[in-house]
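Basis for what follows: all heavy atoms, side chains included, without hydrogens, waters or symmetry-related copies.
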Amino acid sequence: MRCCRSPFSGLVSLSLMSVLAMSRSTPSYGQAVPSSAIDEFVLGVEDKLSVSVWKEPDLSKTVSIRPDGKITFPLVGDVQAAGRAPRQLTEDLTKLLGRFIKEPVVTVVVEEINNFKVFILGEVSLHKKQKLKRRTRFLEAIALSGGLSKFADKSNLLLLRFEDGQETRTRIDYRKLVSGEKPELNVYLKPGDTIIVN
(Lines give C-alpha, C1' and ligand atoms only; values in the text may rest on other atoms or scores of the structure.)
Protein backbone atom coordinates (compact mmCIF):
# COMPACT_ATOMS: atom_id res chain seq x y z
CA MET A 1 0.00 0.00 0.00
CA ARG A 2 1.45 3.30 -1.04
CA CYS A 3 1.33 6.27 1.37
CA CYS A 4 0.09 9.56 -0.05
CA ARG A 5 1.94 12.72 0.76
CA SER A 6 -0.20 15.45 2.29
CA PRO A 7 -0.54 18.58 0.11
CA PHE A 8 0.05 20.62 3.28
CA SER A 9 3.39 19.02 4.18
CA GLY A 10 5.32 21.58 2.17
CA LEU A 11 3.53 24.42 3.93
CA VAL A 12 4.26 22.91 7.34
CA SER A 13 7.93 22.53 6.46
CA LEU A 14 8.08 26.12 5.19
CA SER A 15 6.44 27.44 8.38
CA LEU A 16 8.81 25.41 10.53
CA MET A 17 11.78 26.78 8.62
CA SER A 18 10.53 30.33 9.22
CA VAL A 19 10.18 29.73 12.96
CA LEU A 20 13.64 28.18 13.17
CA ALA A 21 15.11 31.08 11.24
CA MET A 22 13.59 33.57 13.67
CA SER A 23 14.85 31.61 16.67
CA ARG A 24 18.40 31.77 15.29
CA SER A 25 18.28 35.49 14.57
CA THR A 26 20.69 37.84 16.27
CA PRO A 27 19.37 39.48 19.45
CA SER A 28 20.20 43.05 18.58
CA TYR A 29 20.02 45.36 15.59
CA GLY A 30 21.67 42.99 13.14
CA GLN A 31 24.81 42.74 15.26
CA ALA A 32 25.96 39.64 17.06
CA VAL A 33 26.20 39.91 20.83
CA PRO A 34 28.48 37.69 22.95
CA SER A 35 26.55 34.94 24.71
CA SER A 36 27.72 36.22 28.10
CA ALA A 37 26.07 39.58 27.38
CA ILE A 38 22.84 37.80 26.37
CA ASP A 39 22.54 35.40 29.29
CA GLU A 40 23.43 37.64 32.24
CA PHE A 41 20.50 39.40 33.84
CA VAL A 42 21.02 43.06 34.76
CA LEU A 43 19.35 44.50 37.85
CA GLY A 44 17.12 47.55 37.63
CA VAL A 45 15.06 49.97 39.70
CA GLU A 46 12.26 48.33 41.74
CA ASP A 47 13.77 44.84 41.53
CA LYS A 48 13.47 43.04 44.87
CA LEU A 49 16.56 41.25 46.21
CA SER A 50 17.33 38.88 49.05
CA VAL A 51 20.88 39.41 50.33
CA SER A 52 22.47 37.15 52.95
CA VAL A 53 25.91 36.49 54.41
CA TRP A 54 26.78 32.95 55.46
CA LYS A 55 27.02 32.48 59.26
CA GLU A 56 25.92 36.10 59.77
CA PRO A 57 22.16 35.95 60.51
CA ASP A 58 22.07 39.67 61.29
CA LEU A 59 23.23 40.36 57.76
CA SER A 60 20.27 38.84 55.94
CA LYS A 61 17.95 41.36 54.36
CA THR A 62 15.33 41.75 51.65
CA VAL A 63 15.73 45.04 49.79
CA SER A 64 14.26 46.81 46.79
CA ILE A 65 16.41 48.86 44.45
CA ARG A 66 15.56 52.52 44.94
CA PRO A 67 14.88 55.05 42.13
CA ASP A 68 18.50 56.21 42.48
CA GLY A 69 19.62 52.68 41.61
CA LYS A 70 21.04 51.87 45.05
CA ILE A 71 20.30 49.57 47.98
CA THR A 72 21.17 50.08 51.62
CA PHE A 73 22.87 47.19 53.43
CA PRO A 74 24.12 46.89 57.03
CA LEU A 75 27.73 47.92 57.70
CA VAL A 76 28.41 49.16 54.16
CA GLY A 77 25.54 51.63 53.62
CA ASP A 78 24.47 52.53 50.08
CA VAL A 79 25.63 50.30 47.24
CA GLN A 80 24.95 50.72 43.52
CA ALA A 81 22.75 47.86 42.29
CA ALA A 82 20.93 49.00 39.14
CA GLY A 83 22.93 48.28 36.03
CA ARG A 84 24.87 45.53 37.77
CA ALA A 85 24.44 41.79 37.28
CA PRO A 86 23.66 39.83 40.48
CA ARG A 87 27.14 38.32 40.22
CA GLN A 88 28.71 41.79 40.13
CA LEU A 89 26.64 43.01 43.08
CA THR A 90 27.70 39.90 45.02
CA GLU A 91 31.35 40.72 44.30
CA ASP A 92 30.85 44.36 45.33
CA LEU A 93 29.22 43.43 48.64
CA THR A 94 31.84 40.78 49.34
CA LYS A 95 34.60 43.33 48.87
CA LEU A 96 32.89 45.99 51.00
CA LEU A 97 31.96 43.60 53.81
CA GLY A 98 35.52 42.25 53.79
CA ARG A 99 36.52 45.39 55.67
CA PHE A 100 34.43 44.23 58.63
CA ILE A 101 34.15 40.42 58.29
CA LYS A 102 36.85 37.91 57.49
CA GLU A 103 36.17 36.23 54.13
CA PRO A 104 32.41 36.93 53.91
CA VAL A 105 30.33 34.60 51.73
CA VAL A 106 27.57 36.72 50.19
CA THR A 107 24.51 35.46 48.33
CA VAL A 108 22.28 37.70 46.22
CA VAL A 109 18.96 36.25 45.05
CA VAL A 110 16.53 38.11 42.76
CA GLU A 111 13.13 37.69 44.42
CA GLU A 112 11.10 39.83 42.02
CA ILE A 113 11.84 41.37 38.62
CA ASN A 114 9.98 44.69 38.45
CA ASN A 115 12.19 46.88 36.27
CA PHE A 116 11.52 45.27 32.89
CA LYS A 117 8.69 47.44 31.58
CA VAL A 118 7.93 48.16 27.92
CA PHE A 119 5.21 50.30 26.39
CA ILE A 120 3.11 49.45 23.32
CA LEU A 121 1.04 52.24 21.80
CA GLY A 122 -1.21 52.75 18.80
CA GLU A 123 -3.14 50.17 16.79
CA VAL A 124 -3.02 47.20 19.19
CA SER A 125 -5.78 45.47 21.13
CA LEU A 126 -4.46 46.24 24.64
CA HIS A 127 -3.06 49.63 25.54
CA LYS A 128 -1.07 49.15 28.70
CA LYS A 129 2.39 48.98 30.14
CA GLN A 130 3.80 45.45 29.88
CA LYS A 131 5.82 44.23 32.87
CA LEU A 132 8.03 41.45 31.55
CA LYS A 133 9.62 38.72 33.68
CA ARG A 134 12.21 37.48 31.17
CA ARG A 135 14.03 38.51 28.04
CA THR A 136 11.35 39.07 25.42
CA ARG A 137 11.49 39.52 21.67
CA PHE A 138 9.58 42.08 19.60
CA LEU A 139 6.96 39.61 18.30
CA GLU A 140 6.27 38.25 21.79
CA ALA A 141 5.56 41.78 23.05
CA ILE A 142 3.11 42.38 20.20
CA ALA A 143 1.35 39.11 21.10
CA LEU A 144 1.16 40.15 24.77
CA SER A 145 -0.60 43.34 23.68
CA GLY A 146 -3.31 41.28 21.98
CA GLY A 147 -1.91 41.62 18.48
CA LEU A 148 -2.29 44.33 15.84
CA SER A 149 -5.67 45.85 15.11
CA LYS A 150 -7.18 45.66 11.62
CA PHE A 151 -6.26 49.32 11.10
CA ALA A 152 -2.54 48.86 11.81
CA ASP A 153 0.02 49.72 9.15
CA LYS A 154 1.97 46.46 9.29
CA SER A 155 4.80 47.88 7.23
CA ASN A 156 5.47 50.76 9.61
CA LEU A 157 6.00 49.79 13.24
CA LEU A 158 8.42 51.86 15.28
CA LEU A 159 10.73 50.79 18.11
CA LEU A 160 11.93 53.64 20.32
CA ARG A 161 14.86 53.01 22.62
CA PHE A 162 16.57 55.46 24.99
CA GLU A 163 20.02 54.56 26.26
CA ASP A 164 23.32 56.30 26.91
CA GLY A 165 21.51 59.63 26.77
CA GLN A 166 20.30 59.12 23.20
CA GLU A 167 17.07 58.03 21.56
CA THR A 168 17.16 55.59 18.65
CA ARG A 169 14.22 54.89 16.32
CA THR A 170 14.04 51.66 14.33
CA ARG A 171 11.30 51.04 11.76
CA ILE A 172 10.11 47.44 11.58
CA ASP A 173 8.12 45.86 8.77
CA TYR A 174 5.86 43.39 10.59
CA ARG A 175 4.97 41.49 7.40
CA LYS A 176 8.59 40.76 6.53
CA LEU A 177 9.29 39.75 10.11
CA VAL A 178 6.40 37.28 10.33
CA SER A 179 7.09 35.83 6.87
CA GLY A 180 10.67 35.08 7.87
CA GLU A 181 12.09 37.41 5.23
CA LYS A 182 13.64 39.65 7.90
CA PRO A 183 14.08 37.51 11.05
CA GLU A 184 16.76 39.86 12.36
CA LEU A 185 13.99 42.40 13.06
CA ASN A 186 12.71 40.21 15.89
CA VAL A 187 15.04 41.93 18.35
CA TYR A 188 15.19 41.42 22.09
CA LEU A 189 13.55 44.28 23.94
CA LYS A 190 15.19 46.29 26.71
CA PRO A 191 13.57 47.90 29.76
CA GLY A 192 11.92 51.18 28.82
CA ASP A 193 11.49 50.35 25.12
CA THR A 194 8.41 51.75 23.40
CA ILE A 195 6.71 50.16 20.39
CA ILE A 196 4.45 52.42 18.32
CA VAL A 197 2.02 50.75 15.92
CA ASN A 198 0.85 53.30 13.33
**Message:** Assess the residue pair D153 and N198 against the criterion (side chain to side chain donor-acceptor pair (under 3.5 Å)); give the C-alpha distance rounded to whole Å, side-chain angles, the decisive distance to 0.1 Å, and a yes or no.
**Reply:** CA-CA 6 Å; D153 180 357; N198 295 302; 6.0 Å; no
**Request:** Please test I71 against L89 for side-chain contact (heavy atoms from CB on, under 4.5 Å), starting from the C-alpha separation and ending with a verdict.
**Result:** CA-CA 10 Å; I71 61 170; L89 180 58; 4.3 Å; yes
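For K95, the NZ atom counts as loosely surrounded, since its 6.0 Å shell holds 12 or fewer non-hydrogen atoms of other residues, nucleotides or ligands. Applying the 6.0 Å contact sphere to CD of Q166 captures no more than 12 heavy atoms from other residues, nucleotides or ligands. Within a 6.0 Å radius of NZ in K182, no more than 12 heavy atoms belonging to other residues, nucleotides or ligands are found.
Under the 4.5 angstrom side-chain criterion for Ile, Leu, Val, Met, Phe, Trp and Tyr, the cluster partners of V105 are W54.
D193 pairs with exactly one of R161, R169, R137 by the salt bridge (Lys or Arg N to Asp or Glu O under 4.0 Å) rule, that one being R161.
Separating the NZ atom in K190 from the CG atom in L159 is a distance of 10.5 Å, to the nearest 0.5 Å. In this structure, Y174 OH and I172 CD1 are separated by 11.5 Å, a value rounded to the nearest 0.5 Å.
Taking the side chain to side chain contact (heavy atoms under 4.5 Å, CB included) definition, one finds that R134 meets it with T136, E140, sequence neighbours left out.
Checked by atom type and distance alone, the side chain of K133 pairs as donor or acceptor with a backbone atom of I113 at under 3.5 Å.
At a threshold of 4.0 Å, the pair R87-E91 counts as salt-bridged, since one of the basic side-chain nitrogens sits closer than that to a carboxylate oxygen. Ion pairing between E123 and K150 fails under the 4.0 Å rule for side-chain N and carboxylate O.
Every pair passing side chain to side chain donor-acceptor pair (under 3.5 Å) that includes a residue from residues 100-113 is listed here, sequence neighbours excluded: E112-N114.
For the residue pair S155 / D173, no side-chain donor-acceptor distance below 3.5 Å is found, with atom types taken as modelled.
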